[in-house]
Structures are given as C-alpha cells and as structure tokens.
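Nothing here was measured: the structure is a model prediction, and the numbers come from that model. Letters A, B, ... are given to chains in the order of the sequence lines, protein chains preceding strands, and every chain is numbered from 1.
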Amino acid sequence: MSEPKSNFIYSEIENDIKNGVYEQAKLITRFPPEPNGYLHIGHAKAIYISFSVREKYGGQTNLRFDDTNPAKEEQEFAESQIEDIKWLGYDWDNLFYASSYFGKMYEYAHELIAKGLAYIDDQSPDEIKLTRGSLTKPGVPSPYRDRSIEENAELFTAMKDGKFKAGERVLRAKIDMSSPNMNMRDPVMYRILHETHHMTGDEWCIYPMYDYAHPIEDAIENITHSLCSLEYEDHRPLYEWVLNNLDDYKENQPRQIEFARLAIENALTSKRYIKMLVDQGIVDGWDDPRLFTLRGIRRRGITPAALRRFCEEVGVAKSNSIVPRAQLDYFVREDLQKISPKAMAVIEPIRLVIENYPEGEHEILKIANDDGTERDVPFGRELYIEAEDFEIEPPPKYRRLYIGNEVRLIGAYIIKCTGYSIDENGGMSVQAVYDPETKSGTGSAKKAKGTIHWVHAPSAVAITTRGFTDLYNASAPGEGILDKINKDSIIEKTSYAEPAVGATEPSGRWQFLRKGFYVLDSKLSSGENLVFNMTVSLKSSWKPEA
RNA sequence: AGGGGUAUAGCCAAGUUGGUAAGGCAACGGAUUUUGAUUCCGUCAUUGCGUAGGUUCGAGUCCUGCUACCCCUGCCA
C-alpha cells in the first residue's frame, strides 16, 4: 500500500505529536457506526480515514458500535457492517459496543448532577422545543432548572428504575440557554426509552444521547483523535464540556476533528431513501447493484482495492464537494485491468457468415493473453459480432464493418464485408469474405483500419448480461425521489462469449474486449446461462456524432 | 443576539513559521497496439489562489471589509 496522501488531519496529528500532546505509538482512532442500516460508499471514506491513521503512524484503530438508541438498532445491521468492513479489507484492533459502557455513563451522569451541572426536566418534548428559542433568540430556562441536587439525584435514579413513562422526564445538562450554539442550550443527555436493546436487553430503560455518550465512549477507549464528519463541528464544544466536567477525563482527552463527507455525483447514499427503495420493492434489496451500499457496489463488481485507491486520491478536506463518477470508474478500471482476464464476448449479437470459409469446418486459434500465455479459441464460418460493429450507412470516421470495408477479427483474419440481409424477424446477418493469408501471428503485412471482436457461433457460451441505468439522487427541490427512479432500469440481454468464459468461477471478473468489465453476479446466477453484471465501461474516445 | 464552517483550473485536492502555485480525474496532442482499450510520452493556473483594499522587497499564505455556498432550533446519530 502506498504512503497515504497528505491531508489536514495528518497535519493536525503531526502537530499534536510534535507538541507532545500525544505519543505517536499511542495514537488510537475509531470507526463508530450506529448499527441501524447497511454501510454505503460514504462510510468507506470514513473507514478509510480512521484506518489510514493507523496505517500511516501505527497505533490502533477500533470498531465501535454506537448503539445508544435501541429503537433504531439491530444486531443484523451490526453483523452486516462487520462483514462489509472486512470486505473493504480492514481489520480492527478491538471491537467495542457503546452499550457496554451504559453503567459507567450512568455513574458519570450522577457525577454531573452532584456537581450541579445536570438536572431532571419534567417538561414535555414540545415544551422543551418551544423554550429552546431560535437561531436568533435565546431560549428560556426550564422551570425545573434549579431543582436541588438531592431531588435531581433521586429523580434520575427513579428514571433508571423505570418509575416513569417514555417522554415524562429527561436529564439535561445545565449549560447556557442563551448560547448562540443551539447544542449548548441545556442539551438532553438521557431520555426514557422502554425498548429492548439488541445487546443489553431490558436492563436499561434510560438511554444516553449521542452528545453525552460519544465523548465518554472515546475517552474510555483512550481514543486520541476522534474523526467525524463536518456536521459535528457545532457539537465539539459540548463534547469538550462533557469531558472537562468529568473528573476521570480532565487529562488526556480525545480530540475531535471533522472532515467533509464523500459525495459522489448522482449516487444515492441517504439511508432514508435507500430504505424507502428497499421497502417499496423498487430495488431488490440492500445489495441491489444500482445502490451505492457497500454490498451493492460489491455486487456490481467494484473491488475493495479500487475503493481504497479512490478514497486515497480523492483526499480528505473540509469543503463540501461532489466527486464525478468518472473518478470512481477510473480506479475501478485501474484495478480490474490488473486482475481480470480478457476474453471476447459479443454483448448484442448479430450473425456474420464468412462465405469463402469451408462449410462444416472449424479451427482452433491460439490467442495471446496479457500474461504471455495463450488460450484456444474456436473459429469457423459462422460467427457472432457486435451489432454496433456493423453499419449500413457508416458515420464519418467509422473504422469498423460496412459494405466494402476491411476489418481484422481479433486474433484471426482480415475480412471484407460483402453484404447484409435482414430476416423476417428483423434479425441482421452480415456476409463477408476472409483472406486466409492474413492469419494473426503469421507476419502478414496487410493492415486493416479497424479491429473487432467476435465469437464462433456454434461453440459460444450463452450468457445473460445485465446492464443498468443508475438511480438518481433526488436533491432538486420539490422533486420526490420516487419520481426519478426508473423501476425498469435493469436491462438484460442474451449475449455470447468465447468458451473460456463458460468455465469461469463464481465472482470471477472478465474484461470483455471493447465493451468493458463484467462480473459474474454472485446472487442472481442461475440456470444454464451465466449472468454477468456490467461494471465499468472501457474508455472510448470515438463518438458517432463527431 | 445568531453561531459554526468552506472558498486554489471543468472536477477533487496539496500548499503548517510570507519567498515566487504538488498530485489525481477529465480533456487534448503524439508513439506502440491482434480492443477506437491498455501502456508510454507530452500539453493543460503568467498581471493567477471567491471579491475589494491594506501591510511587505515579496502574500494563496498576515490584516480589514464584502460576497457565495454548507451545517445548526431531534427526548436521532
């Protein structure tokens, strides 16, 4: 793995090391997902960032499930997240659950109460909302704000003991109702939730809020740099407030640093929308290849190595930016180029008959692979070629097949197109003659301007290829996400590939000449046909309209 | 009585004490080629770093004013 590209987070960390705030050997970061859904490509960047600190400086990186809200979390999600992170190629030093600190957090809450820094509020959610003020107006203090320390402690214990219903009481930090930072206007730190937690069961009926729990989680685990996304910048003062007011953590506090999330052009990464698509059956699950969930792009054929390279090159900064798809595609191609064997496959076939090739005969051609080896490819009178490789009326600069033009069949002969016919079903058939003297590898001096791929019709393996149009992110105001979704965005075609492809293993990837990289669909593979998902098209500098 | 952020090429993005604008994507040339792919070479910010001023021998980097965009009023994370 190459040296990670520099970014402002590394600069901050290096300054901290230089200033003696932290020792390099003790650097600890964490990736703290809430187990409430499947991970998507945006998480890949967050994972990359935290783990890259360990790659660059040593130290540790932990995986921690931020499971403080049992109403939304499930063990199933935690397990899927574990699988996805492993798939990405990362292995954590420790696996933690925030829920295992509930006891500690409860004690710390009593500490804050004892210090007069937290109080029980009896107001309803609506009352709290109304009295919080607005962006330009200060909030008004709760009538319960000045309860005695003793009463607060008793009430908090009663909350924990299940004496109240959800929503009846809440523990609030006593900070500043007129702070310009809304997060500091006496934020709620504990709420009552009579829910069964996927880890702690029914042990608790009060659960800590993120803003209270997260700094404690980080501090307990000796995190040195708590890396999170930009929307938490406003929460940092509260993060620090919590730790500054707990005797255990006055020293050696973790430091929160925020970065901009990854946004890819037209990629839908909102958990809410993805869930909607799954629930309404518009996609066939969280791993639908049109989705940008990690499982979706995995099924599409994008590799972990490509994703990591992509994250690295895209960089880490604080400005909200949108990366074009071409940038992701480039790294996918770069990786696939190295690992995918090449083969010929005709995605949208038309027939080609070589009229001067003896009927009933065929031959086995040796075609060179990239690694210097050769593979056997049958050749004969009847072939399939790509529909787009023949034009009745060729556009300007077209190099491929049209009547009278010569073209090389990859690894075989130069042929000349003599005519075409269309049968009653609309099926196109092209006729040509070949020049036996031009066999590849025999040193023939004859050149053809174009080169096209082909498969021998009688021995080709039938495959089903599946391309898809993308699901678009509906961010335009007034436009519902569902309006922009094309339910029929998967297009399946019957295609033909050379026999080598038929021997492919599940999850194998192939580069189909001039058509792109295809991956065997590991989920939908069925029957006698192999099913391929289109992953990334090759670059093409030729445009018909030019 | 709002607060917190961000602004460097078409798109990302380096640039840490002020010293004369990295890298990647895209694009465009050219070489090789049994894929219009790959690979390989080359080009791509010169009164320029959102804008208007200021300090300085010298500013993307420091100062002041302005503008644009993003985030914040969950008992979500």
Side-chain angles (χ1 to χ4, degrees), chain A residues 5-8 11-12 14-15 18 32-34 36 66-69 71-73 121 123-125 128-130 132-139 166-172 178-185 187-193 206-207 209-211 213-214 228-237 258 260 262 265 271 309-310 312-331 333-334 337 342 344 367-368 370 397-400 408-412 414 440-441 448-453 511-516 537-543:
Chain A
K5 172 174 163 173
S6 78
N7 64 47
F8 80 98
S11 305
E12 293 297 330
E14 280 168 28
N15 285 339
K18 196 166 61 191
E34 180 186 21
N36 69 344
D66 208 0
D67 52 351
T68 57
N69 184 356
K72 293 189 170 182
E73 297 147 7
D121 197 338
Q123 294 183 107
S124 70
I128 289 180
K129 183 180 173 130
L130 255 25
R132 187 156 19 228
S134 74
L135 296 178
T136 51
K137 288 199 184 74
E168 283 186 348
R169 297 277 193 305
V170 94
L171 179 73
R172 288 232 253 175
S178 60
S179 170
N181 181 348
M182 300 296 288
N183 296 302
M184 301 299 269
R185 319 245 263 228
V188 173
M189 310 187 101
Y190 263 94
R191 78 287 215 181
I192 298 168
L193 247 31
I206 57 170
Y207 290 92
M209 297 287 289
Y210 168 89
D211 282 315
H214 209 84
C228 62
S229 46
L230 246 30
E231 66 264 33
Y232 292 103
E233 281 180 316
D234 286 342
H235 296 248
R236 197 186 331 133
E258 309 85 7
L262 171 66
E265 185 180 38
K271 199 170 289 174
R309 280 280 296 132
F310 170 70
E312 186 177 318
E313 282 303 327
V314 141
V316 182
K318 296 190 74 159
S319 64
N320 289 305
S321 57
I322 299 171
V323 180
R325 280 287 277 287
Q327 188 128 2
L328 207 212
D329 285 349
Y330 172 83
F331 292 103
R333 265 188 269 122
E334 179 190 69
Q337 208 77 246
K342 294 178 183 177
M344 290 189 285
I367 296 186
D370 278 348
K397 294 184 182 173
Y398 189 73
R399 297 189 202 163
R400 287 167 270 167
R408 173 170 289 280
L409 296 175
I410 289 178
I414 290 179
S440 288
K449 254 188 269 177
T451 310
I452 65 172
H453 57 278
Q511 182 186 158
F512 289 167
L513 304 186
R514 229 193 58 247
K515 294 301 286 185
S537 293
L538 294 174
K539 262 168 94 166
S540 172
S541 56
W542 185 78
K543 289 155 193 84

Taking the same atom, [atom1], in [N] and in [M], what whole-Å distance lies between them?
{"N": "B/rU39", "M": "B/rU46", "atom1": "C1'", "answer": "34 Å"}
{"N": "B/rU32", "M": "B/rC41", "atom1": "P", "answer": "15 Å"}
{"N": "B/rG60", "M": "B/rU17", "atom1": "C1'", "answer": "16 Å"}
{"N": "B/rC49", "M": "B/rA14", "atom1": "C1'", "answer": "13 Å"}
{"N": "B/rC28", "M": "B/rA9", "atom1": "C1'", "answer": "15 Å"}
{"N": "B/rU61", "M": "B/rU43", "atom1": "C1'", "answer": "29 Å"}
{"N": "B/rG24", "M": "B/rU8", "atom1": "C1'", "answer": "15 Å"}
{"N": "B/rC69", "M": "B/rG23", "atom1": "P", "answer": "33 Å"}

Does the [N] base have a donor-acceptor partner in the side chain of [X] within less than 3.5 Å?
{"X": "A/R236", "N": "B/rG4", "answer": "no"}
{"X": "A/N181", "N": "B/rG4", "answer": "no"}
{"X": "A/Q327", "N": "B/rG24", "answer": "yes"}
{"X": "A/K342", "N": "B/rU35", "answer": "yes"}
{"X": "A/Y330", "N": "B/rA26", "answer": "no"}

Distance in angstrom units between A/E265 CD and B/rG10 C1', rounded: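 Computing the A/E265:CD to B/rG10:C1' distance gives 11 Å.
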Protein-nucleotide distance (A/L328, atom CG; B/rA13, atom C1'), rounded to Å: 17 Å
Checking base pairs now: Watson-Crick or wobble, both atom distances under 3.5 Å. What partners [N]?
{"N": "B/rU16", "result": "none"}
{"N": "B/rA45", "result": "none"}
{"N": "B/rG2", "result": "B/rC72"}
{"N": "B/rA26", "result": "none"}
{"N": "B/rU67", "result": "B/rA7"}

Are the side chain of [X] and the backbone of [Y] linked by a donor-acceptor contact shorter than 3.5 Å?
{"X": "A/D234", "Y": "A/N181", "value": "no"}
{"X": "A/R399", "Y": "A/T451", "value": "no"}
{"X": "A/S229", "Y": "A/A260", "value": "no"}

5′-ward residue of the pair A/K72/A/T136 relative to RNA chain B: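 Per heavy-atom nearest nucleotide, the more 5' residue is A/T136.
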Earlier contact from the 5' end, RNA chain B, for A/G450 and A/P32: A/G450
Select one nucleotide: of [options], the one nearest the side-chain heavy atoms of [X].
{"X": "A/A326", "options": "B/rC25, B/rU38, B/rA13", "result": "B/rC25"}
{"X": "A/E233", "options": "B/rA77, B/rA7, B/rG4", "result": "B/rG4"}
{"X": "A/S321", "options": "B/rC12, B/rC75, B/rG36", "result": "B/rC12"}
{"X": "A/R514", "options": "B/rC75, B/rC25, B/rG36", "result": "B/rG36"}
{"X": "A/I410", "options": "B/rU35, B/rG15, B/rC11", "result": "B/rU35"}
{"X": "A/N7", "options": "B/rA14, B/rU38, B/rG2", "result": "B/rA14"}
{"X": "A/P125", "options": "B/rU38, B/rC75, B/rC11", "result": "B/rC75"}
{"X": "A/R399", "options": "B/rA77, B/rG36, B/rG5", "result": "B/rG36"}

side-chain N/O A/S319 vs B/rA13 OP1/OP2, d < 4.0 Å: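 Looking at the OP1 and OP2 atoms of B/rA13, one of them is under 4.0 Å from a side-chain N or O of A/S319.
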Presence of A/R132 side-chain N/O under 4.0 Å of B/rC72 phosphate oxygens OP1/OP2: no
Touch class at under 4.0 angstrom, heavy-atom based, for A/D234 against every strand present: base
Positive for side-chain hydrogen bond (donor to acceptor under 3.5 Å, both in side chains) with A/N36, one of A/K271, A/K72, A/E73: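 Only one option passes, and that is A/K271.
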Identified side chain to side chain contact (heavy atoms under 4.5 Å, CB included) partner of A/E258 from the options A/H235, A/E231, A/K318: A/K318
